[in-house]
Amino acid sequence: MSVESGTQGASPRPTRSGIQKSSGTVTKKGDRAPKEKPTTTVLVPVGEEEPKNPEEYQCTGSLETDFAELCTRLGYSDFPKVVTRPRPHPTFVPSSSASEKPVDDQRPSGSCSLNSLESKYVFFRPTIQVELEPEDKTVKEIYIRGWKVEERILGIFSKCLPPLNQLQSINFWKVGLTDKTLATFIALLSLCSPTLRKVSLEANPLPEQSYHKLMGLDSTITHLSLRNNNIDDEGARLLGQALSTLHTCNRTLVSLNLGFNHIGDEGAGYIADGLRLNRSLLWLSLAHNRIQDKGALKLAEVLQPFELTHTEVVERRRLLLEKGTQERLRSPSSSRHGDSKTEREKVQLMGVSSVALMDKADKMMAVKTPKGLFKKKEKAVEVVKKEEKSGSGQSPILGNLKKEDAPKTSKGKVTIPEQQKPSKGKGIKTGSKEKRSILLESEQLIIEATEMVNPLLEPVEHRDGKVFMPGNKVLLHLNLIRNRITEVGLEGFLSVVRYQAQVQSSKASKSAPKGPTGLLRLNLAKNNFSPQSPVYMMIQDLMLPRDPISKAKHREEESMASAT
């Protein structure tokens with residue numbers, strides 16, 4: 001009725017109906033229409049039309065500001081907020097007064113407001129939780145829990161995360177990752193600050209189980225957690241190959257958590273194969289899986305002397321010949337500094353010897369170094385002589401450089417010997433306050449000495465026509481809690497612990513080279529054997545003096561006893 005009366009009468013009331021029509025016969029109505037027309041732009045669907053171009057925005061380094069602005073520019077009206085991660089109370093001491101309160105506090109009263117109820121569930125709202133550096137309040141860790149991270153959100157992260165120059169850790173729990181979004185996430189990691197070393201992707205099962213792509217040769221991740229991702233034997237095969245193969249090896253990963261998955265004996269065998277030639281992984285958890293005795297024996301086999309396969313023996317011989325050829329090409333230049341023929345032949349036969357290389361460097365320094373630097377050379381020679389006694393196949397320079405370069409590593413980084421490289425254009429550092437001498441030829445020798453020694457070039461033992469490697473003694477922590485191991489598998493680990501304890505005692509008595517001595521912690525509890533099993537008790541007794549946590553507790557108890 002109002003629309004008809006608006007078209008017939010001349011009263012001022014019909015102006016609203018006139019605005020809704022495309023044609024206006026009255027000049028007053030036509031004047032008002034352009035003024036009220038912009039109000040219709042509110043009806044544009046969210047996300048279909050971008051009010052601003054996100055490419056034009058320059059991130060400021062503040063995650064809260066940048067994320068909100070980029071989401072708004074992409075048309076998001078409701079998006080997760082960036083909040084500080086809630087921390088639990090430091091200590092909780094139950095008392096008689098505190099134990100009486102929770103009964104009344106947990107029961108909502110009739111007068112409680114809606115805001116107070118919502119505050120109890122604020123933890124479950126989609127948020128981006130962050131932990132900040134106490135000094136400058138920059139973001140160092142990011143936690144996202146329980147809401148789906150889509151491709152567009154990862155695109156926003158690719159713009160606002162790289163400016164965070166102190167970011168150390170990203171933790172995604174149950175965020176609905178797919179194999180496609182995982183690839184986008186890996187590309188995002190390469191854009192972030194080099195301080196980012198820890199990644200946790202838990203409760204994100206993938207159909208193709210492509211988690212191994214996080215452990216590529218160009219990866220900088222040192223700590224990786226993949227718990228509760230339904231990883232089976234096929235996924236374990238891909239992860240084992242990412243740890244090491246005959247020609248490739250991951251040199252950055254320090255800890256790997258594969259707990260709460262579906263890895264069985266076959267998958268444990270693949271992980272063991274990855275540990276054969278891997279010399280960087282220190283911490284491995286296979287807790288809460290389906291490993292039985294066969295898989296346990298496979299893991300135990302690589303932690304003690306094991307036989308090389310035919311392909312590994314062939315590869316070892318090829319590497320020895322390659323090293324000898326490289327040294328033969330360098331020998332004419334080094335012979336100018338007084339190398340004897342017998343020394344060159346020894347290097348050609350046995351590969352690059354770090355001690356011989358250091359001797360060459362010392363001779364060249366003696367020729368080229370001014371008199372005022374003789375004291376520097378003597379100090380360096382004393383350090384090298386101490387390290388020469390340790391000759392475990394690892395370069396003596398390597399440990400020396402590691403100690404000197406440790407204070408220079410950036411915060412949050414984990415320095416691994418294999419990854420260290422000398423600074424370009426600088427020589428050996430012979431003093432904390434002295435400048436490095438620039439000696440090009442000696443620098444080249446030092447670079448060769450600090451190269452990673454391929455595990456296949458480690459000292460081997462020949463028995464009955466077979467070649468045996470000393471085994472992986474770099475792995476320090478192995479967690480196999482809540483699997484299906486019986487006393488048969490325990491026997492394999494008992495031989496491992498006995499062998500590694502014997503090696504450690506022989507090194508201590510003979511002042512042998514300091515180096516990796518094997519497991520410091522071995523967790524085998526809650527498997528298919530009795531806690532009072534004689535084999536299990538023997539393993540516990542042998543591991544007790546090696547466990548640093550047990551040592552710390554024992555020292556604390558002794559100090560408490562002496563104080564009383």
Side-chain angles (χ1 to χ4, degrees), residues 212 215-217 233-234 236-253 256 263 265-282 284 286 291 294-327 347-354 391-395 398 416-419 448 451-476 478 492-493 495-496 499-500 503 513 515-519:
H212 63 284
M215 300 162 52
L217 296 179
D233 292 340
E234 176 60 21
R237 181 184 68 83
L238 299 173
L239 292 171
Q241 291 178 351
L243 285 175
S244 77
T245 62
L246 193 61
H247 302 287
T248 61
C249 180
N250 181 284
R251 302 179 185 179
T252 57
L253 196 64
L256 177 61
I263 300 174
D265 284 342
E266 189 177 354
Y270 291 132
I271 299 295
D273 290 340
L275 295 175
R276 290 173 72 91
L277 302 179
N278 182 284
R279 295 297 181 267
S280 64
L281 192 68
L282 307 178
L284 174 63
L286 291 167
I291 301 173
K294 185 179 178 181
L297 292 175
K298 279 282 189 181
L299 291 168
E301 178 186 352
V302 299
L303 301 179
Q304 54 189 327
F306 60 87
E307 180 186 354
L308 290 180
T309 63
H310 175 71
T311 55
E312 289 172 342
V313 171
V314 172
E315 179 66 14
R316 182 175 184 274
R317 291 175 180 172
R318 188 191 68 80
L319 291 172
L320 287 173
L321 289 173
E322 188 180 60
K323 284 289 184 182
T325 304
Q326 291 176 0
E327 183 59 25
V347 173
Q348 292 173 9
L349 292 175
M350 300 181 63
V352 179
S353 170
S354 57
S392 60
Q394 183 179 356
S395 168
L398 195 58
I416 300 173
E418 292 81 350
Q419 295 301 100
E448 292 295 330
E451 284 181 354
M452 187 197 74
V453 178
N454 191 302
L456 290 175
L457 296 177
E458 293 177 355
V460 297
E461 182 181 354
H462 297 269
R463 287 181 289 174
D464 300 329
K466 300 177 181 178
V467 183
F468 287 83
M469 284 187 65
N472 187 328
K473 295 194 292 291
V474 175
L475 188 67
L476 303 180
L478 178 60
F493 284 109
S495 64
V496 170
Y499 164 73
Q500 294 184 352
V503 171
T517 57
L519 293 173

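When reading the values below, keep in mind they use all heavy atoms of this one structure, side chains included, and skip hydrogens, waters and symmetry mates.
- Heavy-atom minimum distance, Pro470 versus Pro459: CD-O, 3.4 Å.
- Side chains of Arg463 and Lys466 form no contact here, defined as non-hydrogen atoms less than 4.5 Å apart.
- With contacts defined as side-chain heavy-atom distances shorter than 4.5 Å, the pair Ile271/Leu284 qualifies.
- One finds the CG atom of Leu519 at 11.5 Å from the NZ atom of Lys473 (value rounded to the nearest 0.5 Å).
- When all heavy atoms of Met469 and Leu308 are compared, the pair lying nearest together is SD-CD2, 3.2 Å.
- Here Glu458 pairs with Arg279 in a salt bridge; the nearest charged N to carboxylate O distance falls below 4.0 Å.
- Contact check for Gln304 versus Ser495: side-chain heavy atoms found under the 4.5 Å cut-off.
- With rounding to the nearest 0.5 angstrom, the CD1 atom of Ile291 is 6.0 Å from the CG atom of Leu299.
- Counting heavy atoms from C-beta outward, Pro516 and Val474 have side chains that approach closer than 4.5 Å.
- A distance of 9.0 Å separates CG in Asn278 from CG in Leu475, rounded to the nearest 0.5 Å.
- Once rounded to the nearest 0.5 Å, the distance linking CG of Leu275 with OG of Ser244 reads 7.5 Å.
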Item to complete: Check the pair Met215, Leu239 against side chain to side chain contact (heavy atoms under 4.5 Å, CB included), reporting the backbone distance first and the verdict last.
Response: CA-CA 8 Å; Met215 300 162 52; Leu239 292 171; 3.7 Å; yes
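- The nearest pair of heavy atoms linking Val302 to Arg276 is CG1-CG, 3.7 Å.
- Qualifying salt bridge (Lys or Arg N to Asp or Glu O under 4.0 Å) partners for Arg316, counting only residues two or more places apart in sequence or in other chains: none.
- The environment of NE2 in His462 is crowded: more than 12 heavy-atom neighbours from other residues, nucleotides or ligands sit within 6.0 Å.
- For the residue pair Leu277 and Pro455, the shortest heavy atom distance occurs at O-CG, 3.2 Å.
- Under the 4.0 Å criterion applied to side-chain N and carboxylate O atoms, Glu266 and Lys294 are not assigned as salt-bridge partners.
- Note that the CG atom of Leu478 and the CG atom of Leu286 stand 6.5 Å from one another [nearest 0.5 Å].
- Glu322 is listed as a side-chain neighbour of Leu319, based on a closest heavy-atom distance under 4.5 Å.
- Contact detail for Gly295 and Ala268: the closest heavy-atom pair is CA-CB, 3.8 Å.
- A heavy-atom distance below 4.5 Å is not found between the side chains of Arg237 and Asp233.
- Inter-residue side-chain proximity for Asn250 and Ser280 is flagged as met; some heavy-atom pair is nearer than 4.5 Å.
- Distance CG/Leu456 to CG/Leu320: 9.0 Å, rounded to 0.5 Å.
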Worksheet item: Under the salt bridge (Lys or Arg N to Asp or Glu O under 4.0 Å) criterion, do Arg317 and Glu315 qualify, and how do the steps go?
Response: CA-CA 5 Å; Arg317 291 175 180 172; Glu315 179 66 14; over 6 Å; no
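- Using a distance-only test at 3.5 Å, with no hydrogens or angles considered, no donor-acceptor pair links the side chain of Gln326 to the main chain of Lys323.
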